[in-house]
Amino acid sequence: MFRLVAKKLGIWRSPKSKNQREAEKNSSPIALSRDLDDNLNDIRNILGQSSDVIIHKMKIGSHGTLDAAIIYIDGLVERNLVNQDLLRPLMFHMQMVENEPERNHSRLLEFIQTSVLTAGDVGPLKDITSVTSAVLAGNTAILVEGETEALGINLRGWENRSLEEAKNESAIRGSRVGFNETLRTNTALLRRIIRDPGLTFDSVKIGQRTKTDVNIAYIKGITKDSLIEEVKQRLKRIDTDAILDVGYIEQFIEDKPSSFFSTIGNTERPDVAAARIMEGRAAILVDGSPFALTVPMVFIEGFQSPEDYYARPYFASLIRWIRFLSFELSIYLPAVYVALMAYHQELFPTPLLITVAASREGIPFPAVAEALFMVVLFEILREAGLRMPRTLGQAVSIVGALVIGQAAVSAGLVGAPMVVVLATTAIASFVSPSQADLGAILRFIMVIVAGFLGMFGIVIVSLELISQLAALRSFGIPYLSPITPLNIGDLKDVFIRTPLWAMKNRPQSIGSANSVRQASGQQPGPDGGEKR
């Protein structure tokens, strides 16, 4: 019965369909023939008659007697490079001696690769499958009559978005550059920051249909080998048709998908990704996505900002405490108001209780219905502001908050105190944008529980959330590290941000292979620094 229901819901995958996918994956590749026309027909059968597939046949050699063809996807290559680095050398500058009746076929492609082509990235292609995969990835393939191999040349040149400021992680100080959708641009941004020869990018392709390029970025000697192996194992287990964004990868490799809390970090800033890599983490970059995933992740990362490390430690520590307070307010404030109004009126000071009771006079709904109405309305306004064009989004949010809020109070649907509570909640939720989704879910849960059980229900749910946090792990690392298990050395960057010169070691809770980050004794002073 369960299997039947699961199949209807699409959760259960039958052994037959799994075997079919394995058969497709392990199908033997088609070998390249010595006949050029046969190879081109095989490639046309695979790629179809799509108008953007360009197959250009030509004559090459010193006497123009050798048939050849180049294949590429229009829009994925730079045409000027194709003409300059490929067609011109092959058709006009190729000086092959063809006086002998039998050419040396084994040396022809080697001669073209080493002595004719001016492109830098050239490699052999062994079969039809590798040729079509290379072409679909944006490379250009060369096939020559009489050869059982082909050459793939990297002449990629598609249109891409210029580098812009990170929109979701803005900061007053620090870098203003964010990732874009081109994988090689993103790896170059990390390489510009980390000029260490140990910085490594391991490449894998995921997606049966999209064959998306995915890179794992880490530093050899700092990141543990066991972490990289675990990341690779989880990526290899992904068997799906399409990977369109890092969000797809995140849902396939996270530790506990049933939890409200995300166990994989993400960022659109190269400096943040570089800082986490330098701590011993690994970053996952996906072609076509302007975000990077970082693993492992700990809960405190949601309250850390790149600006914390560019500002002086006292101000950075104060702002971090404000983020903690704002997160708590965004979750608990509406629920506490509902609990006090429904069950614990005696906790109100008498003058405040009289004022609140007077403002609620004539309201036909209980406090929990009033709170749920305002919470849902706030989420609708927030979603409308995000999805509408940027020029209209802010206007819609402001007009909606002012006009609808005032109209609701005037109509007697909600009380003025509830509008104040929701306005404070909304502002507090914007302080930590990375926790906005989590805060929205927990806010609904807390309001509903407070309407049924009051403060007792809020405490019970809070204890359940804390126990779940303590049980979570991210790639083997406790999610509440370094609070539990307690690591006093790592607390220098949790509730407060100590000076950079005091953070000698990398976070031990992450488990870096090289724990020493900097030399000791670098405290500045008027006498030139700390005495050693």
Side-chain angles (χ1 to χ4, degrees), residues 158-171 174-194 199-207 210-219 223 227-228 231-232 234-235 238 240 242-255 257 261-279 281-307 383 386-387 390 430 432-440 474-475:
W158 52 71
E159 296 292 331
N160 61 325
R161 181 170 59 92
S162 60
L163 296 178
E164 299 175 357
E165 182 177 356
K167 294 181 174 58
N168 297 323
E169 299 177 69
S170 58
S175 173
R176 301 301 175 92
V177 178
F179 289 124
N180 70 4
E181 288 77 13
T182 306
L183 179 62
R184 275 295 156 253
T185 301
N186 296 338
T187 57
L189 290 173
L190 289 178
R191 184 71 72 177
R192 284 179 57 189
I193 300 173
I194 307 175
L199 179 61
T200 305
F201 297 98
D202 289 345
S203 179
V204 295
K205 287 185 182 293
I206 306 178
T210 60
K211 293 181 173 58
T212 307
D213 290 319
V214 179
N215 276 189
I216 307 168
Y218 61 97
I219 300 179
T223 307
L227 173 61
I228 301 303
V231 173
K232 291 180 179 179
R234 297 193 187 191
L235 291 177
I238 300 176
T240 183
I243 295 293
L244 304 180
D245 187 78
V246 293
Y248 283 55
I249 299 288
E250 180 179 1
Q251 296 178 57
F252 277 109
I253 68 173
E254 60 185 342
D255 284 72
F261 301 95
S262 174
T263 55
I264 297 178
N266 66 83
T267 181
E268 59 177 336
R269 294 178 60 105
D271 57 340
V272 174
R276 293 177 181 175
I277 291 173
M278 290 294 296
E279 288 183 343
R281 294 179 171 90
I284 302 174
L285 306 171
V286 176
D287 191 23
S289 175
F291 286 84
L293 301 179
T294 57
V295 293
M297 177 190 179
V298 292
F299 183 64
I300 189 61
E301 286 182 31
F303 304 95
Q304 294 173 335
S305 169
E307 199 171 1
E383 192 68 15
L386 290 175
R387 304 305 170 194
R390 189 174 300 275
F430 295 141
S432 298
S434 61
Q435 302 288 348
D437 296 342
L438 172 63
S474 175
F475 285 78

Worksheet entry | T210 side-chain N/O to I243 backbone N/O, donor-acceptor pair under 3.5 Å | yes
Worksheet item: Can M297 and F475 be said to form a side-chain contact (heavy atoms from CB on, under 4.5 Å), step by step?
Response: CA-CA 8 Å; M297 177 190 179; F475 285 78; over 6 Å; no
Worksheet item: Can you tell if the side chain of K232 reaches within under 4.5 Å of the side chain of V204, non-hydrogen atoms only?
Response: no
Worksheet item: If you look at every heavy atom in A242 and Y248, which pair is closest and at what distance?
Response: O-CD2, 3.4 Å
Worksheet item: Looking at side-chain heavy atoms only, is the closest gap between R184 and N215 below 4.5 Å?
Response: yes
Worksheet entry | Intermediate values then yes/no, side-chain contact (heavy atoms from CB on, under 4.5 Å), L199 and Y218 | CA-CA 6 Å; L199 179 61; Y218 61 97; over 6 Å; no
Would you give me the side-chain donor-acceptor pairs under 3.5 Å for residues 283-290, sequence neighbours excluded?
| residue | atom | partner | partner atom | Å |
| --- | --- | --- | --- | --- |
| D287 | OD1 | L183 | N | 3.2 |
| S289 | OG | D245 | OD1 | 2.9 |
| S289 | OG | F291 | N | 3.4 |

Worksheet entry | Minimum-distance pair of heavy atoms, taken over all atoms of G178 and P270 | CA-CD, 3.9 Å
Item to complete: Would you check, one step at a time, whether the test salt bridge (charged side-chain N to carboxylate O under 4.0 Å, His left out) holds for R192 with D271?
Response: CA-CA 10 Å; R192 284 179 57 189; D271 57 340; over 6 Å; no
Worksheet, complete the sentence: Heavy-atom closest pair (S474 atom, P296 atom, distance to 0.1 Å) is O-CB, 3.1 Å
Fill in: For E164, salt bridge (charged side-chain N to carboxylate O under 4.0 Å, His left out) partners two or more places apart
R161, K167
Item to complete: Identify the two heavy atoms, one from L293 and one from V246, that lie closest to each other, and give their separation to 0.1 Å.
Response: CD1-O, 3.6 Å
Fill in: Listed partners of K211 passing side-chain hydrogen bond (donor to acceptor under 3.5 Å, both in side chains), at least two apart
none
Fill in: side-chain hydrogen bond (donor to acceptor under 3.5 Å, both in side chains) partners for T263, two or more places apart
none
Worksheet item: With sequence neighbours excluded, what pairs up with F261 under the ring pair (Phe, Tyr, Trp, His ring centres under 6.0 Å) test?
Response: none
Worksheet item: Do N186 and R191 have side-chain N/O donor and acceptor atoms under 3.5 Å apart?
Response: no
Discussion item. Nearest 0.5 Å, please: how far is CG in L235 from CD1 in I249?
Written reply: 5.5 Å
Response to the item:
In this structure, OG1 of T223 is separated from CE of M278 (nearest 0.5 Å) by 9.5 Å
Worksheet item: Could you state the interatomic distance from OG1 (T240) to CD1 (I206), rounded to the nearest 0.5 Å?
Response: 10.0 Å
Practice prompt. Would you check if S175 and R269 make a side-chain contact, meaning some heavy-atom pair closer than 4.5 Å?
Written response: yes
Worksheet item: Could R281 and E301 be called an ion pair, given the rule that one side-chain N must be under 4.0 Å from one carboxylate O?
Response: yes
Worksheet entry | Within-4.5 Å side-chain heavy-atom neighbours: I219 and I277 | yes
Discussion item. Does I253 form a side-chain contact (heavy atoms from CB on, under 4.5 Å) with I264? I'd like the steps, not just the answer.
Written reply: CA-CA 9 Å; I253 68 173; I264 297 178; 3.5 Å; yes
Worksheet entry | Rounded distance [0.5 Å steps], CG in D213 versus OG1 in T182 | 11.5 Å
Fill in: Sub-4.5 Å side-chain heavy-atom contact between S434 and E169
no
Fill in: Check against side-chain contact (heavy atoms from CB on, under 4.5 Å), T200 and I216
CA-CA 8 Å; T200 305; I216 307 168; over 6 Å; no
Worksheet item: With sequence neighbours excluded, what pairs up with R176 under the side chain to side chain contact (heavy atoms under 4.5 Å, CB included) test?
Response: E165
Worksheet item: Does a donor on one side chain sit under 3.5 Å from an acceptor on the other, for E250 and S262?
Response: yes
